[in-house]
Amino acid sequence: MTQETPDKKNYKTTLNLPQTAFAMEAKLTVNEPKRLAMWREGRLYEKVLTDRATNGKGKWVLHDGPPFANGDIHIGHLINKTLKDVILRFRTMEGYETPYVPGWDCHGLPIEHKIQEEVKKAGKDFRAMGTVEVRQLCYASAEHFAKAQGEQFQRLGILGDWANPYLTMKPEYEAETLEVFARFVEAGLVYKQLKPVPWSVASQTALADAELEYKDVEDASVYVEFPVEAGTEVAKKFDRPVYLIVWTTTPWTLPANLAIAVNATMQYAFIEYTRAGEKRIGIVASELCDKVFGPGLGQGIEEVRVLGEMMTGEELSKRAEYVHPFIEYKGPILTADYVTATDGTGMVHTAPGHGEDDYDTGRKHGLAVYCPVLASGRFDDTVPEFLRGKTVKESNGLITEELKSRGRLFGVQNILHSYPHDWRTKTPIIFRATEQWFIAMDKPFQLSGDTGTPQSLRERAMTATEDGVDFIPAWGQARLQGMLQSRPDWCISRQRAWGLPIPVFYNEKDEPLLTPASVRAVAKRVREKGSDVWFTETPTELLSCDQTACPIHFGETAKLRKEKDIFDVWFESGSSWRAVLQSRSTLKFPADLYLEGSDQHRGWFQLSLLPSLGATGQAPYKQVLTHGFVVKPDGTKVSKSDKEYVKAVDEINRHGADVLRLWCCSVDYQNDIPASPKALQEFGDKYRKIRNTLRYLLSNLYDFDPKTDAREVPPNSLDGWAMYQLDLLIADVTESYDVYQLHRVFRLLHDFCSVQVSSIYGNAMKDRLYCEMPNSPLRRRCQTVMHAMVIALSKLLAPMLVFTADEVWEHIPHKPGKDAALQSIHLAWLPETSDAEVDEDQKEEWELLMRLREDALGQLDKLKKESGLNKAGEAEIVYQVDDDALRRKLQAYGTDLEDLVGCGHYAFAEKDTPGPAVTVKVVDRRNDYAACARSWKRRPDVGKDADYPDLSTRDAMAMRAIGSLP
RNA sequence: GGGCUCGUAGCUCAGUUGGUUAGAGCGCGUCCCUGAUAAGGACGAGGUCGGACGUUCGAAUCGUCUCGGGCCCA
């Protein structure tokens, strides 16, 4: 095929080619810190708040859950804080005043542990150090890490009051925590009692639920024969000894056995068997007969025969008692729901001093909370001789031996089970009854001003979460309520140094002094000097500021003794609604949103709800949003040693904050979040696509000022289509932000850049933008659209791409209206949709056009493959229509008809085939038309202008207008 | 073991009250352009919707079971 080569004149310089100072390469790691410094210098955070306070819609408060002030931030923090920041910025752009006060959880075992190790490393004796000295080291450490993490968060672009974060160890905060405690005292919910709690022998302290770590371990479990008391109805039925066969995985708790629990409705079977030469009767749940008497378990059992008779647990509990296998004790058989036939024997050894369930059952039936194990993990003197002074660990074997020698050991079995461990020392914990302070979940109380019937914390919590709180996702409600339903009383005491002391005094008779007034008296001193006063001042000094705090009859204050326990750290962070939301005039209570990982249903969400209800009767939040956890690409848990482990700080330094923020927003955070350095690396492509699209839009606006150049955009044009697409985008994105569907926001924006702008509109507009004369209506109209686009897009992206959007903002020329004066995009309001109303016919017309475009592109591809037509500009698109009305409608689109697919020319023709009302035919014109040397389009009008024989009419006119020859 | 929850192309996500050959973007492959150029465009190949069984004329969508994840608890 021969090609007519036009004069190779250099028309390039006569084109309106894109120009912009907005760099293609982001250099985020270099530029972000600069912009950050600029914002800080310009006091952006304060400015935004001031503006919204004056012109906005009111306050909207997200209350920050305090991370632990220990170590660098990790990917979980990154996700959490990014989501918070994006949501806050969206609300800001909606017009709300959105103060954000970040906080840190400062007290607690992990910090104390770390200090302990550091002290040891330095060769000093930790135990010899005074409490106050230890606390000061802990304070310094927490302060250091709060500061370090704060800087890392700021580097991520998180906007907030970083100069005034809340720290749970600050005196004012501590004082407010004590005020919350005083309210609980007032309500009568605080009590001290012996109760089994997870106890770390290694740390010699009670542990919080959150301080437990479950690990699979192999233990020897024992099946023990508990003789049925001879005088009881059940024993009398048989002429040989009867045994309850009881299974336990913790033989060391047997000395503390006070009862045996059965399930009331389950059937229990009687089995005759011979062991150690003695004929016996055993009782187990009938469902478990085969397992218990099956091969390998019972040691040396023979002649096993299941008797026909059965008895329910209920009957058994009424007709039998048992005697302890190696202690002189006669115990009851009790019924309990948690007894099942899933494992063991259906008869559960019950030691109220050593187990949560056991304790509950024991309390219900008036059993003592007997705990013969000391803090050291050794037995006291109330146990049989052979166990005294022995550790729990060594007594497992001793007890097994003892049972064996007494002929009460039915069998031994090694089992693999998951057992709680102390998360710091990694050692298995025990349950041990100790004196602890509690907050009662089920005791009804009234708050001052309450008129209704008194309600318990649990009832209040259930009511408050029923319809007063909006959960995102919705199942958060069931999860939280499930936990509230089943949680035991809240154990708020810990035996440690680094924390807020529980302000209780004891007199010489060991009676506790704990009144609202006494707590508030101490709180006053704490507010002035910090909680170290508890250790440095005498009871008299601590109470002196309030004469009513210590009643005369209680005893001389000089002789009072101070409580040694400190608060569970959850009580402190759970009081933040008071210490922060209610204490800072910039904030408000309740918060509009709490947003944390889904583990906080048990943690902060729940343990903020309870104090808030106990003290105010109100939930501290209106909405609760949770996100999932980062997992490896295969969906399993990550640990620091994994290849896929993402070091947050490293990744920020490698890719820049905007890329990571965008990534956070691209995943559905309600589920697990797969992540790896590789995945983040690849994610940079998405960022670049968006950046380039914005750059393209900017680059075509260098000579555009809407004041003088804006043109009306008719709906029946590609420009009209694009404006409508933008309107849809604005509406969708805004709605998705509002319901926190950030991944949807991301997808909408990314796809809009990629498809609507880059592939369709931007591509189609190239010819007119470059080749028309600068001031041509067609070009100006397109710029009008692109100007609106880049403003809307940058605003919609601003909450996510905080740095890039602001950079774009600087490069947008002549921003209209209020936007013009804004120092940063982060002061801007959301874009609004144009008020253009589009009727259904118009939409159908656009859809038709897009369908024709698809068709034409297909034909172009075919031509390319079959006859080497590589440039669409060398083809003509022919619209075949018979219907006059339709033809007129299409003709209104003018050049759009060819630019839609980049053809050189469009034409109309009669239809040559039956079928749809309009079809397109793409025709190769390389042999028919000359190519315009300027626009490269092959058109019939090339050469019609005598002055410019190598140009199309349009280009000739443009050249004349420009007034300069190439 | 229990509660809650998730499982759609290599990746990230759509799939409205069950209804035509399950969609998008990215990535990948092939090609084109070289006037968005360390850019841009076109086309193409990828999925038995974790699995099984059921309900139904019809199921990615409903039910039961099962497998594999996650969080929280024991």
Side-chain angles (χ1 to χ4, degrees), chain A residues 10-20 22 24-25 209-210 212 214 338 340 342-343 355-357 417-420 473 475-483 485-487 597-603 606 626-638 663 665-668 670-674 676 678-679 682-683 685-686 688-689 691-700 741 743-744 746-755 757-760 762-767 769-771 854 856-865 868-873 901-902 934-936:
Chain A
N10 186 12
Y11 284 105
K12 186 169 174 176
T13 54
T14 72
L15 299 174
N16 321 302
L17 290 180
Q19 303 172 20
T20 178
F22 184 84
M24 181 179 285
E25 196 190 347
D209 295 341
L212 302 183
Y214 285 80
Y338 55 81
T340 64
T342 47
D343 46 25
E356 196 68 45
D357 286 339
H417 62 155
S418 139
Y419 193 84
W475 50 257
Q477 182 185 44
R479 188 168 154 100
L480 183 58
Q481 288 196 326
M483 288 168 177
Q485 198 73 268
S486 62
R487 71 151 300 133
S598 61
D599 56 335
Q600 299 303 332
H601 283 116
R602 173 151 291 266
Q606 186 188 159
T626 53
H627 60 254
F629 282 72
V630 168
V631 293
K632 286 189 272 187
D634 68 357
T636 59
K637 211 180 162 127
V638 260
W663 170 77
C665 296
S666 75
V667 293
D668 183 358
Q670 294 187 2
N671 297 328
D672 301 332
I673 303 164
S676 66
K678 192 166 166 261
E682 286 166 4
F683 194 79
D685 289 343
K686 309 273 198 301
R688 265 170 254 128
K689 182 72 194 186
R691 184 179 177 90
N692 252 317
T693 306
L694 292 165
R695 178 171 184 268
Y696 178 65
L697 294 174
L698 287 174
S699 68
N700 284 302
Q741 292 267 311
H743 67 288
R744 191 173 146 78
F746 164 77
R747 193 168 48 77
L748 286 166
L749 286 167
H750 177 270
D751 290 4
F752 185 85
C753 286
S754 181
V755 180
V757 183
S758 189
S759 164
I760 302 177
N763 218 24
M765 294 297 116
K766 281 180 184 176
D767 175 72
L769 284 170
Y770 302 170
C771 303
E854 293 287 315
L857 285 173
Q859 294 184 45
L860 273 168
D861 194 57
K862 216 173 154 197
L863 285 172
K864 183 162 95 183
K865 280 170 185 155
L869 180 102
N870 287 331
K871 298 183 206 172
V901 284
R934 187 161 175 274
S935 68
W936 300 342

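Each chain gets a letter, A, B and so on, in the order the sequences are listed, and its residues count up from 1.
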**Q.** Sequence-distant partners of T636(A), side chain to side chain donor-acceptor pair (under 3.5 Å), two or more places apart
**A.** D634(A)
Q: Nearest whole angstrom, please: distance from the P of G15(B) to the CG of D668(A).
A: 10 Å
(Q) In whole Å, I'd like the distance from the NZ atom of K637(A) to the P atom of G68(B). (A) 17 Å
Q: Specify the separation, in whole Å, of atom CZ of R602(A) and atom P of G2(B).
A: 17 Å
Q) Which whole-number value in Å describes the distance from K12(A) NZ to G35(B) P? A) 5 Å
Q: Look at all strands and tell whether R691(A) reaches a base, only sugar-phosphate, or nothing, counting heavy atoms closer than 4.0 Å.
A: nothing
Q. If you look at every strand shown and take non-hydrogen atoms under 4.0 Å, does T636(A) touch a base, only sugar-phosphate, or nothing?
A. sugar-phosphate
Q) Between C11(B) and G58(B), how far is it from one P atom to the other, in whole Å? A) 33 Å
Q) Can you list the residues that meet the side-chain contact (heavy atoms from CB on, under 4.5 Å) rule with I673(A), with sequence neighbours excluded? A) I79(A), V630(A), W663(A), V667(A), Y669(A)
Q.
Suppose you measure atom P in G63(B) against the same atom in A22(B); what distance do you get, rounded to whole Å?
A. 23 Å
Q: Please determine, for U37(B), whether a Watson-Crick or G-U wobble partner exists with both distances under 3.5 Å, and give it or none.
A: none
Q: With the side chain of H743(A) defined as its heavy atoms from C-beta on, choose the nearest nucleotide among C71(B), A14(B), G27(B).
A: A14(B)
Q. Any idea which of C13(B), C33(B), G35(B) is nearest the V667(A) side chain?
A. C13(B)
Q: Just label G46(B) as syn or anti from its O4'-C1'-N9-C4 or O4'-C1'-N1-C2 angle, using within 90° of 0 for syn.
A: syn
**Q.** C6(B) and G15(B), which share atom name P, separated by this distance in whole Å
**A.** 14 Å
Q: Quick one: look up who G1(B) pairs with, Watson-Crick or G-U, both distances under 3.5 Å, and put none if it's unpaired.
A: C73(B)
Q.
Using every non-hydrogen atom in the two residues, find where G762(A) and Y696(A) come nearest and quote the distance to one decimal.
A. O-OH, 2.9 Å
Q: Please report, rounded to the nearest Å, how far the P atom of A36(B) is from the CG atom of L769(A).
A: 11 Å
Q. Do S666(A) and R747(A) have a side chain donor and acceptor closer than 3.5 Å?
A. no
Q. Just how far, in rounded Å, is P of U12(B) from CG of D634(A)?
A. 12 Å
Q | Contact state string [nucleotides 37-47 of chain B, B base, S sugar-phosphate only, - no protein heavy atom under 4.0 Å] | A | SSSSBSS----
Q: Quickly work out the I673(A) CD1 to C13(B) C1' distance and round it to whole Å.
A: 14 Å
Q: Could you tell me which nucleotide pairs with G54(B) by Watson-Crick or G-U wobble geometry, both distances under 3.5 Å, or answer none if nothing does?
A: C62(B)
(Q) I'd like to check the side-chain contact (heavy atoms from CB on, under 4.5 Å) partners of Q477(A); sequence neighbours left out, ordered by chain and number. (A) E466(A), F471(A), Q481(A)
Tabulate atom names and distances for all N/O pairs under 3.5 angstrom spanning the protein and nucleotides 5-11 of chain B.
none

Q) CZ of R479(A) to CZ of R602(A): how many Å apart, nearest 0.5 Å? A) 9.0 Å
(Q) Say we look at U34(B) and C28(B): how far apart would their C1' atoms be, to the nearest angstrom? (A) 23 Å
**Q.** Base of C71(B) paired with side chain of R479(A) (donor-acceptor, under 3.5 Å)
**A.** yes
**Q.** Separation between the P atoms of G54(B) and U16(B), rounded to whole Å
**A.** 25 Å
Q.
If you compare every side-chain N and O of K871(A) against the phosphate oxygens of C33(B) (OP1, OP2), does one of them come in below 4.0 Å?
A. no
Q: Report the distance from atom CG of L697(A) to atom CZ of F22(A), rounding to the nearest 0.5 Å.
A: 10.5 Å
Q. What do the steps show when you test C771(A) against R934(A) for side chain to side chain contact (heavy atoms under 4.5 Å, CB included), and what is the final call?
A. CA-CA 7 Å; C771(A) 303; R934(A) 187 161 175 274; 3.8 Å; yes
(Q) Holding to salt bridge (Lys or Arg N to Asp or Glu O under 4.0 Å), I want the full list of residues that pass it with K637(A), two or more places apart in sequence or in another chain. (A) none
Q: With RNA chain B as reference, determine whether F629(A) or G762(A) sits nearer its 5' end, using the nearest nucleotide of each.
A: G762(A)
(Q) Measure CG/L480(A) against P/C73(B) and give the value in whole Å, please. (A) 13 Å
Q | Separation of the P atoms in A39(B) and G29(B), to the nearest angstrom | A | 15 Å
(Q) Roughly how many Å apart are C49(B) and A14(B), using the C1' atom of each and rounding to a whole number? (A) 13 Å
Q: Determine the interatomic distance between C1' on U56(B) and the same-named atom on U61(B); round to the nearest Å.
A: 13 Å
(Q) Given C26(B), C73(B), C13(B), identify the nucleotide with an atom nearest to the side chain of H750(A). (A) C26(B)
Q.
Under the rule for salt bridge (Lys or Arg N to Asp or Glu O under 4.0 Å), what residues qualify as partners of K865(A), not counting sequence neighbours?
A. D861(A)
Q: Tell me, please, which residues at least two apart from N692(A) pass side-chain contact (heavy atoms from CB on, under 4.5 Å).
A: M24(A), R695(A)
Q) Can you name the residues that form a side-chain contact (heavy atoms from CB on, under 4.5 Å) with E682(A), not counting sequence neighbours? A) K678(A)
Q. Applying a 3.5 Å limit to both distances, which nucleotide forms a Watson-Crick or G-U wobble pair with A24(B)?
A. U12(B)
